[in-house]
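Working notes, beginning with the structure itself.
When a ligand or atom number is given, it counts from 1 through the structure's own listing order.
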Amino acid sequence: MYRNSLCLRHGMEEGGTMVVMDVSSIMVIFGGTGDLTHRKLMPALYNLLYEKNLPENFCIVSVGRRDKTDDLYRNEVYESIKKYSRIKLDEELWKILRNKIYYQKFDFHDDDGYARLKGFLNELDENYNTDGNRIFYLAVAPEYFELIVEKLNEHGMVENNKSWQRVMIEKPFGRDLNSAVYLNKKITDVFSEKNTYRIDHYLGKEMLQNIMVIRFANVFFEPVWNNKYIDNVQISSSETVGVENRGGYYEKAGALRDMIQNHMLQLLTLTAMEPPVDLTTDSIHDEKVKVLKSLQELTPELVLKNAVRGQYEGYRYEDRVSPDSDTETFAALKVFVDNFRWAGVPFYIRTGKKLPVKSTEIIIQFKPLPGILYFKEYGELMPNLLVIKIQPEEGVFLQFNAKKPGTLNKLIPVKMDFCQNCQVGMNSPEAYERLIYDALRGDSTLFTRWDEVEYSWKYVDKIAEVWRNEKPDFPNYKPGTWGPTDADNLLLKDNFKWWSIGGFYDENL
Ligand code: BG6
């Protein structure tokens with residue numbers, strides 16, 4: 001029989017003492033009929049239940065604008081879980097989840113709707129012993145964030161006295177620094193920073209959580225993790241898809257706001273940060289923020305020199321995209337972290353749509369040894385590479401030089417490859433599982449603290465401003481290629497090249 005292990009009261013270590021937290025709660029999903037809810041949130045909730053990581057006293061209320069009965073909604077959720085869940089749907093378990101799901105129809109402007117919701121949640125509190133605890137998940141377009149938070153407040157649904165109320169907010173958090181500051185004020189007027197969970201779903205990915213472990217739990221990485229030994233760092237996140245049905249949103253975002261401001265800068269901070277004093281949320285966030293604060297001050301000249309943008313051929317014909325759109329679907333940057341550890345080491349970042357593979361990787365290229373012993377006749381001495389594979393393969397790859405077997409004194413680069421999700425029986429949790437689980441436990445380590453958002457926007461705004469004032473020559477790359485040639489030149493100028501990602505290492509060997 002199904003037994004739940006995340007019980008009513010969940011203990012967590014904080015500063016050495018055991019803090020007992022109440023995890024019983026109702027999760028209210030605004031945008032309950034949307035794509036995110038169906039593809040990600042519901043499958044995540046089902047998988048959490050399967051893994052015995054949902055509280056016993058728990059239910060879900062989805063809010064949407066379409067007319068539906070609970071039953072109709074539950075049937076739709078059933079189909080989505082069947083389609084998108086990483087764990088095969090088990091009918092018995094589904095019955096348990098089904099009985100915890102409710103649907104409420106109202107427009108996000110409608111005061112009566114909020115009043116009804118409040119009454120309904122109070123009723124559910126009685127039935128599920130959820131003690132007034134709530135997670136409000138805003139899986140809606142960003143223009144509704146402020147409105148919903150305001151209405152929740154006006155209708156007395158955020159009190160935080162005996163119970164707790166938390167808000168989970170999807171990206172984009174603003175579209176520049178000013179709008180992010182404004183939004184943040186609106187949200188934190190109602191929810192405290194502690195109860196505000198800003199989502200960057202990359203932080204929920206297994207290998208992002210692993211970066212700190214790899215760096216700080218292994219003696220052979222940390223001593224060489226600096227400008228004395230590292231030549232450059234390459235952080236790539238490539239996608240094969242185009243903008244699909246998100247042209248309306250993407251037109252206003254572009255790769256810079258959609259990927260660089262959040263996911264890519266998060267990857268950079270985890271790669272570059274100093275070891276935190278401990279593993280508490282604030283200590284980790286403090287170190288990440290220091291990296292963002294150390295990013296090289298950008299001038300317009302530097303932006304023109306070190307930032308490359310691209311747009312794939314055909315983008316202008318996508319649905320809800322302007323025929324003369326200047327929105328970038330590709331961005332590559334050369335970034336410097338101006339602190340003692342990293343002075344002089346370029347971090348190259350690139351991301352784009354319609355590239356050859358779906359892959360996210362961090363490649364650390366180490367400095368060459370002096371060419372005193374082994375020269376050309378031994379074969380080309382390849383640099384040592386450490387590759388942190390974020391997705392789709394999860395793992396770590398190390399390239400180093402060894403003697404080629406045989407009588408000739410030749411060197412060849414060899415690799416040690418650890419693939420975490422290739423192991424039999426290993427089915428890594430999806431990012432959203434971890435994020436919902438943490439929000440239930442009240443742990444915001446894998447969410448972005450306000451100052452992280454603030455400093456990322458400060459950096460990205462400088463680039464956006466220059467790009468706004470310079471007309472690009474778009475489109476400038478073909479679908480299925482690695483973006484515009486200027487992205488290659490960014491590295492060639494420094495005598496580096498982008499290392500292949502997504503399993504193409506062999507071509508370098
Ligand atoms: C989202 C972006 O945040 O991340 C999308 O809005 C992008 O444009 C997606 O496709 C990529 O996420 P993942 O997990 O598929 O790498």
Side-chain angles (χ1 to χ4, degrees), residues 31 34-41 43-44 47 84 86 137-143 145 168-175 180 197-211 235-268 270 309-312 315 318-321 325 327-331 349-362 388-394 421 428-436 446-448 452-453 456-457 460 479 483 501-503:
D35 216 39
L36 180 73
T37 305
H38 280 283
R39 279 173 186 262
K40 299 285 183 192
L41 305 185
N47 291 333
Y84 299 115
R86 74 184 165 91
Y137 198 119
L138 308 190
V140 293
E143 56 263 33
F145 292 166
M168 289 178 83
I169 310 170
E170 273 296 328
K171 64 172 270 280
F173 199 92
R175 67 176 315 276
Y197 289 71
R198 297 176 197 84
I199 293 179
D200 182 318
H201 79 278
Y202 267 49
L203 293 175
K205 291 184 191 280
E206 268 297 317
M207 282 307 292
L208 261 82
Q209 295 160 49
N210 220 341
I211 296 175
I235 305 179
S236 303
S237 193
S238 66
E239 294 187 88
T240 51
V241 291
V243 287
E244 311 286 283
N245 54 0
R246 298 164 72 226
Y249 151 76
Y250 199 84
E251 268 290 85
K252 287 190 245 131
L256 188 64
R257 293 184 176 87
D258 185 49
M259 293 288 292
I260 302 261
Q261 182 271 336
N262 37 72
H263 311 323
M264 302 305 284
L265 287 181
Q266 285 293 332
L267 287 166
L268 181 134
L270 288 165
R309 58 185 154 158
Q311 185 190 77
Y312 63 78
Y315 172 73
E318 302 273 17
D319 187 29
R320 283 176 296 151
V321 167
S325 170
T327 300
E328 76 286 352
T329 58
F330 175 99
I349 295 179
R350 70 175 159 170
T351 183
K353 302 225 180 254
K354 294 250 183 193
L355 302 187
V357 284
K358 168 79 181 163
S359 175
T360 304
E361 287 180 3
I362 301 170
I388 302 180
K389 297 178 288 184
I390 310 287
Q391 63 179 16
E393 208 172 289
E394 296 168 2
N421 56 346
S428 296
E430 287 256 354
Y432 281 95
E433 294 172 40
R434 177 62 197 251
L435 298 177
I436 294 172
L446 299 181
F447 295 82
T448 37
E452 291 175 69
V453 178
S456 324
W457 274 126
V460 159
I501 60 166

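Interface atoms of ligand 1 facing Gln391, defined by a heavy-atom separation under 4.0 Å, are 13 (P), 14 (O), 16 (O). The Asp258 neighbourhood of ligand 1 comprises atoms 2 (C), 5 (C), 6 (O), 8 (O), with distances under 4.0 Å to a heavy atom of that residue. Listed by number with element, the atoms of ligand 1 under 4.0 Å from a non-hydrogen atom of His263 are 1 (C), 3 (O), 4 (O). Near Glu239, meaning under 4.0 Å from one of its heavy atoms, ligand 1 places the atoms 7 (C), 10 (O), 11 (C). Numbered from 1 in the order shown, with element, the atoms of ligand 1 that lie under 4.0 Å from a heavy atom of Lys358 read 13 (P), 15 (O), 16 (O). The ligand atoms of ligand 1 that sit less than 4.0 angstrom from a heavy atom of Lys353 are 5 (C), 7 (C), 8 (O), 10 (O). Every atom of ligand 1 with a heavy atom of Lys205 under 4.0 Å away is listed here by number and element: 13 (P), 14 (O), 16 (O). The Lys171 neighbourhood of ligand 1 comprises atoms 1 (C), 2 (C), 3 (O), 6 (O), with distances under 4.0 Å to a heavy atom of that residue.
For Glu361 and Lys389, the salt-bridge test fails: no basic side-chain N is under 4.0 Å from an acidic carboxylate O.
When Lys354, Met259, Arg350 are each tested for a side-chain contact (heavy atoms from CB on, under 4.5 Å) with Phe330, only one passes: Arg350. With Tyr137 as the partner, the side-chain contact (heavy atoms from CB on, under 4.5 Å) test is satisfied by one option alone out of Leu435, Ile169, Leu36, Thr37: Leu36.
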Intermediate values then yes/no, side chain to side chain contact (heavy atoms under 4.5 Å, CB included), Lys171 and Asp200: CA-CA 7 Å; Lys171 64 172 270 280; Asp200 182 318; 5.8 Å; no

task: With side chain to side chain contact (heavy atoms under 4.5 Å, CB included) as the test, would you mind laying out the steps for Gln266 and Tyr202 before giving the verdict?
output: CA-CA 8 Å; Gln266 285 293 332; Tyr202 267 49; 5.7 Å; no

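Taking CD1 from Ile388 and OG1 from Thr360, the interatomic distance works out to 12.5 Å, rounded to the nearest 0.5 Å.
Contact annotation for Tyr202 and ligand 1: only side-chain heavy atoms (C-beta onward) come within less than 4.0 Å of the ligand.
Scanning all protein heavy atoms for the shortest distance to atom 12 (O) of ligand 1 gives His201 NE2, 3.2 Å.
Between Glu430 and Lys205, the closest side-chain pair of non-hydrogen atoms is not below 4.5 Å.
With a 6.0 Å cutoff to the six-membered ring centre and a 45° limit on the axis angle, Arg198 counts as a cation-pi contact of Phe173.
Any N or O atom pair closer than 3.5 Å counts here, and Ser237 shares no such pair with ligand 1.
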